[in-house]
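Worksheet: one structure, shown below.
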Amino acid sequence: MSQKYIPQEAEALLQKFWEEEKIYAYDPKSDKEIFSIDTPPPTVSGSIHIGHIFSYTQTEVTARFQRMLGKNVFYPFGFDDNGLPTERLVEKRIGKKASELERKDFADQCLTVTAEYREAYKILWQSMGMSVDWSLAYSTVSEETQRISQLSFLRLLKDKEVEQKNAAALFCPECQTSVAQAEVDDAEKDSFFHDIRFTTETNEDFIIATTRPEMLPACLCVFVHPNDERFAHLVGKNAVTPLGTSVPILTDDLVDPEKGSGLVMCCSYGDETDLLWVKKHDLTEKIILTKTGHMKNTGRDDLDGLYLKKARKVIVEILKDHGSLVESKPIKHAVKVHERCGTPMEILPIPQWFIGILERKQEFLDIADEVNWYPEYMKSRYVQWVENLKWDWAISRQRFFGVSIPVWHSKITGEYILPEESDLPVDPLKQAPKNLPEGHTLEDIYPDPDVLDTWATSSLTPEINAKWGAEDDRSDKILPMSMRPQAHDIIRTWAFYTIVKSKLHHGRKPWNDIVISGHVLAGKKEKISKSKGNAKTTPEELINKYSADAVRYWAMGGTLGKDIVFDEQEIAKGKKLVNKVWNASNFALQNLEEFHPENLMELSQREPSDIWVMKRLEKTATKMKQHLSDFQFHHARQVFEDFFWTDFCDNYLEIVKTRMYQPEAFENGAQKKLSAQSSVYECIFTIIKLLAPFMPHVTEQVYQSYFKQFESEKSIHLCLYPVLSFDKNILPEVESDMEMFLELINLVRKYKTENQLKLSEELKSLQVTAPSVEKLSAFMDDIKGVTKAKACDILQKDGDVELKVER
RNA sequence: GGGCGAUUAGCUCAGUUGGCUAGAGCACCUGGUUUACACCCAGGGGGUCACAGGUUCGAAUCCUGUAUCGCCCACCA
């Protein structure tokens with residue numbers, strides 16, 4: 001082995017080796033147990049920050065661990081280049097709007113433009129030592145993905161899980177598309193609470209308080225709470241709005257008597273309550289908004305055609321002139337806005353495609369119980385979301401770019417004309433159906449203009465990975481997938497929608513385990529974001545400065561589901577561990593030059609210290625395996641460090657040094673040296689295997705430099721994860737006996753430190769008292785070796801070990 | 001308003017089912033050029049475990065309440 005390990009040089013060479021040897025390839029022909037990972041496809045929009053590294057590395061360690069358990073690991077990578085962020089990026093790069101190109105051409109442009117970003121990801125990922133099988137990479141804008149997305153739609157349509165309804169949906173007038181409940185954000189907006197005077201036909205006045213006076217032309221009725229005695233006399237009468245319309249006054253217990261004046265007008269549609277009321281009281285809706293957010297059908301020329309905001313101002317003026325406006329109080333209130341553009345949402349009845357989910361809430365809750373949630377408490381977020389769903393899933397979007405809805409409509413019968421599954425993907429805007437219904441010409445049909453919500457596609461990542469419906473469909477092998485890693489902020493979207501699709505298509509859970517990671521914060525309570533520019537260092541800089549293994553070490557420190565504050569010192573700590581592992585291995589192996597594993601001494605024949613370290617190693621390996629199986633990365637890391645740094649390096653190696661350097665100083669020294677070498681050999685080999693999922697580079701380097709010569713596997717990453725199981729009868733009490741020895745070592749070290757002596761300073765003799773002379777004496781050779789004492793007398797005395805030193 | 005989580009050393013965080021004297025790294029102090037490593041070794045100082053009650057032989061850990069913070073959701077007339 002060489003003296004120095006320089007990660008900046010070694011890591012790149014090792015990565016090249018892994019790629020050339022296809023160490024991480026998924027083997028479709030193998031009959032080994034498969035471990036499949038539903039990798040989150042990151043949005044291809046140009047920026048990769050340390051937060052990505054954090055969560056993906058945790059998954060990657062699991063991939064390596066499962067591979068070392070002997071499983072056939074299916075570890076793909078995906079690129080989400082179908083979303084709006086990518087669309088914007090591509091528009092900017094090609095200088096054209098998506099709508100200026102054919103859908104297919106724009107998709108091609110997306111693939112072209114994002115190619116370099118995909119390449120950047122791949123390079124960074126490889127430089128982190130990510131054991132992805134790149135031949136399994138997919139893109140969400142590719143033809144294959146579009147085929148699967150359309151296939152999903154067609155099958156759900158045939159199963160009547162999808163239907164087109166002229167139902168009110170949340171609508172964004174800016175993007176001019178419907179949006180799903182999950183895409184809605186709250187925003188604090190400045191507004192006015194307007195008190196407007198209504199009258200009844202019998203000339204009684206009352207006040208309606210509203211933030212949406214422009215909805216007045218769509219006023220259908222006025223509600224009061226049935227128990228509200230203040231207004232009981234009004235119920236059943238007709239009210240006259242300031243615009244002169246006559247509407248009934250009704251009761252409903254959803255009215256909050258405390259709010260506003262206690263009277264509320266119901267307009268189609270001001271908010272979701274209005275929607276409910278229209279259904280419940282069978283009111284006839286009146287729609288006064290166009291898709292672009294302009295007024296129509298108001299019955300007034302001075303309002304029709306005005307944009308919402310403008311209309312609001314105008315109507316306030318009208319009301320003022322009319323004397324109906326009593327007061328306008330400025331308020332701040334939360335408004336539902338589209339998360340993409342921040343525009344307040346409207347509710348409009350336009351034809352939309354829906355997947356019916358409200359009827360199946362319980363089924364989706366049941367599926368969640370079949371999935372293991374890590375950490376467990378994250379499930380409650382899902383449960384709460386599902387329980388509170390109010391809308392079916394609107395999957396159509398009135399945008400130009402995206403996966404087309406594969407449907408043509410008949411102008412004559414209104415029936416759907418659908419493509420064959422084998423013809424997918426199709427673009428109805430560009431293509432004609434292969435077979436027209438009887439009596440139809442091309443003139444009699446029109447294409448569905450909408451595209452699918454991106455979640456309708458992203459929710460199919462298991463199916464995309466499985467090449468669902470293709471000739472080489474591998475659903476049987478990899479579905480349900482073993483593991484879904486993702487962050488907590490998209491439980492209600494990605495996790496939920498994936499469960500919906502899996503349930504509807506296959507009737508079962510999409511994965512066995514869902515593993516939720518936290519976010520990386522730039523500082524206390526500060527999210528890393530591109531706009532703030534608070535990601536001080538790039539992943540590349542950190543890898544270059546500390547090594548990939550060190551960055552990976554940091555990523556293992558987070559607790560599952562919890563956000564962590566970025567701490568560069570943790571990476572520095574990782575760098576130290578890399579160095580320590582190399583040096584300890586290098587040193588230990590130097591002392592194994594004439595050793596061959598064929599000559600390994602039986603454990604029962606070894607010296608007590610050598611048996612002790614093996615027992616500690618056994619425990620460490622057992623615990624690490626358990627922790628990694630449970631995705632408890634930080635626990636595994638901690639257990640490793642405790643053993644490796646303290647027990648193995650600081651104590652064990654120091655203890656056996658003398659026996660290895662100068663066996664002639666001991667009676668039967670050759671055997672005692674072989675005993676030490678046997679434990680050192682097994683420890684180092686086990687240590688690097690235990691650490692291999694965390695630090696794949698330095699461990700591989702040690703393996704290639706030494707152990708490879710005795711082993712058949714060409715890479716440490718193809719070795720099996722260590723499982724040790726020793727005969728319990730071999731020195732059953734060695735661990736507690738060792739405690740006395742370690743106590744003695746500490747006392748001697750303390751003595752030397754306090755007396756400002758070198759730790760290697762020779763001592764004339766030690767006078768020791770210990771609870772068991774016999775047991776401590778078993779370590780006599782090593783006591784002399786590690787303390788450099790020429791003589792040591794042990795006397796029996798209960799209690800702690802005590803020491804007197806003669807220099 | 002509902003749900004979930006957090007509060008432990010100056011800083012960043014561990015602390016498995018309640019159990020020896022509450023741990024680690026960094027920072028701080030003292031000592032050591034030890035033939036693996038100064039990216040090291042040895043020793044040391046530093047915590048009323050947010051607060052108040054309760055359960056228990058025993059609580060950082062379980063229960064109740066309070067405070068502060070974060071996330072998710074709801075409220076929006």
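For the numbers below, each heavy atom of this structure counts, side chains included, while hydrogens, waters and symmetry mates do not. Numbered from 1 within each chain, the chains take letters A, B, ... in sequence-line order. Being a predicted model, the structure only gives us computed values, none of them experimental.
Looking at Glu754(A), its side chain has no donor and acceptor atom pair within 3.5 Å of the base of G31(B). Checked by distance alone, Lys580(A) brings a side-chain donor or acceptor within 3.5 Å of a matching partner on the base of C37(B).
Contacts of Asp642(A) with the nucleic acid, taken as non-hydrogen atoms under 4.0 Å apart, are absent.
Partner assigned to G43(B) is C29(B), using Watson-Crick or G-U wobble distances below 3.5 angstrom. Of all nucleotides present, only U64(B) satisfies the Watson-Crick or G-U wobble test against A52(B), with each distance under 3.5 Å. In this structure, C4(B) forms a base pair with G70(B), meeting either the Watson-Crick or the G-U wobble geometry with both donor-acceptor distances under 3.5 Å. Pair assignment for A24(B): U12(B), on the basis of Watson-Crick or G-U wobble contacts that are both within less than 3.5 Å.
Side-chain atoms of Glu641(A) and Tyr553(A) include a donor-acceptor pair closer than 3.5 Å.
For Arg484(A) and Trp494(A), the positive end sits near the middle of the six-membered ring, less than 6.0 Å away and at most 45° from its axis.
Taking atom C1' in both A38(B) and G23(B), one finds a spacing of 25 Å when rounded to whole Å. Taking atom C1' on both nucleotides, A52(B) is separated from C11(B) by 29 Å, rounded to a whole Å. Taking the P atom of each, C26(B) and C62(B) are spaced 31 Å apart, rounded to whole Å.
A salt bridge does not link Arg749(A) to Glu654(A): none of the charged side-chain nitrogens sits closer than 4.0 Å to a carboxylate oxygen.
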